[in-house]
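Everything numeric in this text was worked out from a predicted model, so none of it was measured. Whatever order the structure lists ligands and atoms in, that order sets their numbers, starting from 1.
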Amino acid sequence: MITTNIDQAIDALINGEVIAIPTETVYGLAGNAFDEAAIKKIFTLKKRPFYNPLIVHIKSADYLHTIADDIPEIAFEMAKYFWPGPLTLILKKQKFISDFITAGKDTVAIRVPNHPVALELLNNLEFPLAAPSANPFGSISPTSANHVFNYFKKELKVVLDGGVCEKGLESTIVGFEENQLILYRHGSVSIEAIEAKFGKVILATSNDKTPTAPGMLSRHYAPSTDTYLTDNVIELLKNFEGKKIGLLLFNKAMNAANVIVQEVLSENSDLNEAAKGLYAALHRLDNSNVDIIIAERFPDKGLGKTINDRLERAIKK
Ligand code: TXA
Ligand code: MG
């Protein structure tokens, strides 16, 4: 059930239930991070493989040491600069943190969400919340309470409604290795914003057999409709004569035959606006009875990099 009743959400979490919560990035499927039974429920609901670790959400950077150990100074500085906000830090875990949360790794992912409802919730709980995005494994992330409800229906007793997510893309994930910043996932904080303040960020290497972070799996965030990504929409359209087509475009609609729906993400060419609307547009396209979705590649800078990263993983392989 979709509700704005925060007390109901608090009660459910204290009772060991899993609920959906709003954050500034995407909605999360949250449970008590200190309760292994609740953690297992998250995996079952999401049909998420156990090799894919969860993010722990804490109320403020003051609680970092309750989850992580051997925290490098730069991690505190980044937390101070970006939190509450869409940056997740990968740190050495405290011994008692469940292996289900970390998928057996000795590191744990942590962030402080920047959403008034999520923060009010955390401030009323005596435990942190483990929460992956509130979508079945591999599908498009939810940026509204309705997206979550459409995925899980009666399986979720509480979907706490905090409106449309302000950022619309998941958090950026950064770890630390020998004084080096490692990027595990592009996200709502651009690489440029991190580098301007904290120096060079290196991309984690990964492949599908040994994903460093499963958010880097080559197919993820995917609509069920076959999706293509291109620099030249007009050219690609020629390959699909007779098909019903949905377009995902950056800043301008297009005149073309067979195009049934078009989603233009930002007429002002604003990448923040485009990021905020991306998943909702993909959800609409996926539900619009088209045969294929063609997405235009975005400018390869700032949040455009994150949008392209998600679209790369959404495409037909
Ligand atoms: O914005 C977000 O980060 C949202 C909201 C709900 O906070 N959460 C989210 O969670 O996107 P999820 O589970 O969909 O993605 C978490 C990513 C996964 O790709 C996972 O592999 C990675 O974090 N991760 C978690 N722990 C990790 C670790 N110890 N090392 C490397 N990657 C890790
Ligand atoms: Mg996810």
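- Set against the non-hydrogen atoms of N52, the atoms of ligand 1 under 4.0 Å away are 18 (C), 20 (C), 21 (O).
- For D309 and K305, the salt-bridge test fails: no basic side-chain N is under 4.0 Å from an acidic carboxylate O.
- Ionic pairing of E170 and R310 is present here: one or more N-O contacts between side-chain nitrogen and carboxylate oxygen are shorter than 4.0 angstrom.
- The pair K200-E195 meets the salt-bridge criterion, with a side-chain N (NZ, NE, NH1 or NH2) lying under 4.0 Å from an Asp/Glu carboxylate O.
- At least one N/O/S atom of S133, whether from backbone or side chain, sits less than 2.8 Å from the Mg ion (ligand 2).
- Between I55 and ligand 1 there is a heavy-atom distance shorter than 4.0 Å.
- At a 4.0 Å cut-off, not a single heavy atom of K167 sits close enough to ligand 1 to count as contact.
- Counting the atoms of ligand 1 from 1 in the order shown, those under 4.0 Å from a heavy atom of G28 are 6 (C).
- For Y184, no nitrogen or oxygen atom sits less than 3.5 Å from a nitrogen or oxygen atom of ligand 1, counting backbone and side chain alike.
- Considering both main-chain and side-chain atoms, E170 never comes within under 3.5 Å of ligand 1 through any nitrogen or oxygen pair.
- A donor-acceptor pair under 3.5 Å is formed between the side chain of Y151 and the backbone N or O of I140.
- Contact atoms of ligand 1 toward H57: 5 (C), 6 (C), 7 (O) (distance under 4.0 Å to a heavy atom of the residue).
- K301 and E192 are not joined by a salt bridge, as no carboxylate oxygen comes within less than 4.0 angstrom of a charged side-chain nitrogen.
- T88 places no side-chain N or O within donor-acceptor distance of the main-chain N or O of I173, the cut-off being under 3.5 Å.
- In this structure, K238 does not pair ionically with E241, as no charged nitrogen and carboxylate oxygen lie closer than 4.0 Å.
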For this session: Begin from the C-alpha positions of E273 and L265 and carry the test side-chain contact (heavy atoms from CB on, under 4.5 Å) through to its verdict.
Result: CA-CA 7 Å; E273 185 183 28; L265 292 184; over 6 Å; no
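- Taking all heavy atoms of C165, S188, S133 into account, the minimum distance to atom 10 (O) of ligand 1 is reached by S133.
- Less than 4.0 angstrom separates some heavy atom of S171 from each of these atoms of ligand 1: 1 (O), 2 (C), 3 (O).
- Residue contacts with ligand 1: T88 is placed with no nitrogen or oxygen under 3.5 Å of a nitrogen or oxygen of the ligand (distance criterion only).
- Contact annotation for E24 and ligand 1: no heavy atom of the residue comes within less than 4.0 Å of the ligand.
- Within the listing of ligand 1, atoms 10 (O), 12 (P), 13 (O) sit less than 4.0 angstrom from a heavy atom of P132.
- Annotation: T107 places an N or O atom under 3.5 Å from an N or O atom of ligand 1; distance criterion only.
- Heavy-atom contacts of T25 reach the following atoms of ligand 1: 1 (O), 2 (C), 4 (C), 5 (C) (cutoff under 4.0 Å).
- No salt bridge links K276 with E24; every basic N to acidic carboxylate O contact stays at or beyond 4.0 Å.
- Below 3.5 Å of separation, one finds no N or O of K46 facing any N or O of ligand 1.
- Set against the non-hydrogen atoms of I173, the atoms of ligand 1 under 4.0 Å away are 17 (C), 22 (C), 23 (O).
- Side-chain N/O atoms of D286 and T225 include a donor and acceptor closer than 3.5 Å.
- For the pair K93 and ligand 1, no heavy-atom separation below 4.0 Å is found.
- Checked for salt-bridge contact, K252 and E267 miss the test: no charged N lies under 4.0 Å from a carboxylate O.
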